[in-house]
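Since the structure is predicted, the reported quantities are computational estimates derived from the model, not experimental observations. Numbering of ligands and ligand atoms starts at 1, following listing order.
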Amino acid sequence: MSAGASFYITTPIFYVNDVPHIGHAYTEVAADLLARWHRQAGEDAWLLTGTDEHGQKILRTATANGVTPKEWADRLVETAWKPLLKTVDIKNDDFIRTTDERHEVNAQKFLQHLYDAGHIYTGEYEGFYCVGCEEYKQPSDLIEGTGEFIGQQVCAIHSLPVELLHEKNYFFRMSTFADRLLALYEDDPDFVQPAAARNEVISFVKQGLSDLSISRSSFDWGIKVPWDDSHVVYVWFDALLNYITAAGYGQDDERFSRLWPATHIVGKDILRFHAVIWPAMLMAAGLPVPRRVFGHGWLLVGGEKMSKSKLTGIAPSQITDTFGSDAFRYYFMRAISFGQDGSFSWEDLSARYQSELANGFGNLASRVIAMVVRYCDGEIPVTTAFTDADAAIRATEIRVTDAAGEAISRLAIHEAIASVWELVDELNGYITTQEPWGLAKDPADRDRLDAVLFTAVRGLGTLAVLLSPVVPEACAKLWSALGGEGLVTDQRIDRAWEWTGGTHVSPLEALFPRIEATVG
Ligand SMILES: [Zn+2]
């Protein structure tokens, strides 16, 4: 991470018809944490999120609800998707909708460019289409239906029958990019991460790529194909372009070249769209491919993937109403190895809240500040007489700052937080062994008391800076109670340990109050 460099990070744009569940919030929090971290490292960080609003399924539900598809999308953006960002404290720099004029106009420019360069041709397509997935299915993607669909072939993801469609389509010559894609995966092993996802993508492309049908003429809710307005652009082709239209493609070359390429955080179920189709589209347009495509795992509840159709969908507000947005962010980023599947349970959330946030971090902050208030009238002591125990804390601050930054550069968010927590644990042990309450009893121990409280306060300052991307609300409160100057979010995270303390502390309310209610 170098100062002033650009770090453009995206979430997938969410299908506006879906109901936000903790899986969506998980992706948002991961991307937001990385953006906040890079911003605090002095980089030009830019977080993009938004909504995917075209396609047949949205047209159908809007019609069923007696409104136009745009009215339907407007309603869901305002009542479901923008509120989700507030619920989990996302600090996005932009929110793009695929119905925005800036998107539609510049997506058309992109398409026209590919057409003029000979990457698009007219063909006939016949295949099984799943409206739920908005994609044609290969026979291997279908399974035998059960229940009311017995005897029919159904989509393996949606368990619903597919439709046999036959249409004249425009096709993108994706097959011609297979060799260039394989060379990309080979030359840049970080392009697709984690490793299991990369291997899967490579073996998929090695089987050979088909050309991609990129238009539909059976309905009209979408971006018009610029040279044939009886067709609309295939919804995935349209949606992927959000990452460049939001960055200024087609209208602000200076901004586009500054931001692009991006790091894409996606669920592993949509990895192929991002790691195969998307870079092929960009290659065809002569644009740089993304910096990195990271496929995170699924959240499992009771062993099943989170989804509303499986009745395991949990609204993020169910968690934040009780535990707060900081606890949501901490729990999912800490408890699950980023990139792997992870199980959510109320019991685990409750246990980690109590032991790690309330007792581990929150209580440490409250105790240290309360002792500075009680023994020093709130004035942070100044001292230079340090022992080996004090120096060990200082060394840990420097070590975990470096280790956490290194983990973040690999997108190993859980490792970064675990590194920082070594400092939480060491400071707690330090307070226990140094016994400042004992030192306070004897005026002869005054210098030693000052050194212990100074060391503890400085350690808390380092924690506030390092944990600010993870638990921003708590760290803002802590920073202010420590008398830190300016905003904690303006402190350099790659030099978190440099902070040497303010002059006064002020009393601190519990950062993570005890939760009495039983939940779940
Ligand atoms: Zn499906």
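A centroid separation of less than 6.0 Å is found between the aromatic rings of W227 and Y115.
Salt-bridge formation is not detected for the pair E124/K168: no Lys NZ or Arg NE/NH1/NH2 atom is positioned less than 4.0 Å from an Asp or Glu carboxylate oxygen. The residues D93 and R39 are annotated as salt-bridged, a charged nitrogen and a carboxylate oxygen being separated by less than 4.0 angstrom.
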**OP:** May I have the step-by-step check of salt bridge (Lys or Arg N to Asp or Glu O under 4.0 Å) for R36 and D89, ending in yes or no?
**Re:** CA-CA 11 Å; R36 285 174 185 261; D89 206 357; 3.6 Å; yes
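Between T61 and W72, the side chains place a donor N or O and an acceptor N or O closer than 3.5 Å (distance only, hydrogens not considered).
Within the protein, the number of N/O/S atoms found under 2.8 Å from the Zn ion (ligand 1) is 4.
Residues passing the ring-ring contact (aromatic ring centres under 6.0 Å, His included) test with Y26, sequence neighbours excluded: H296.
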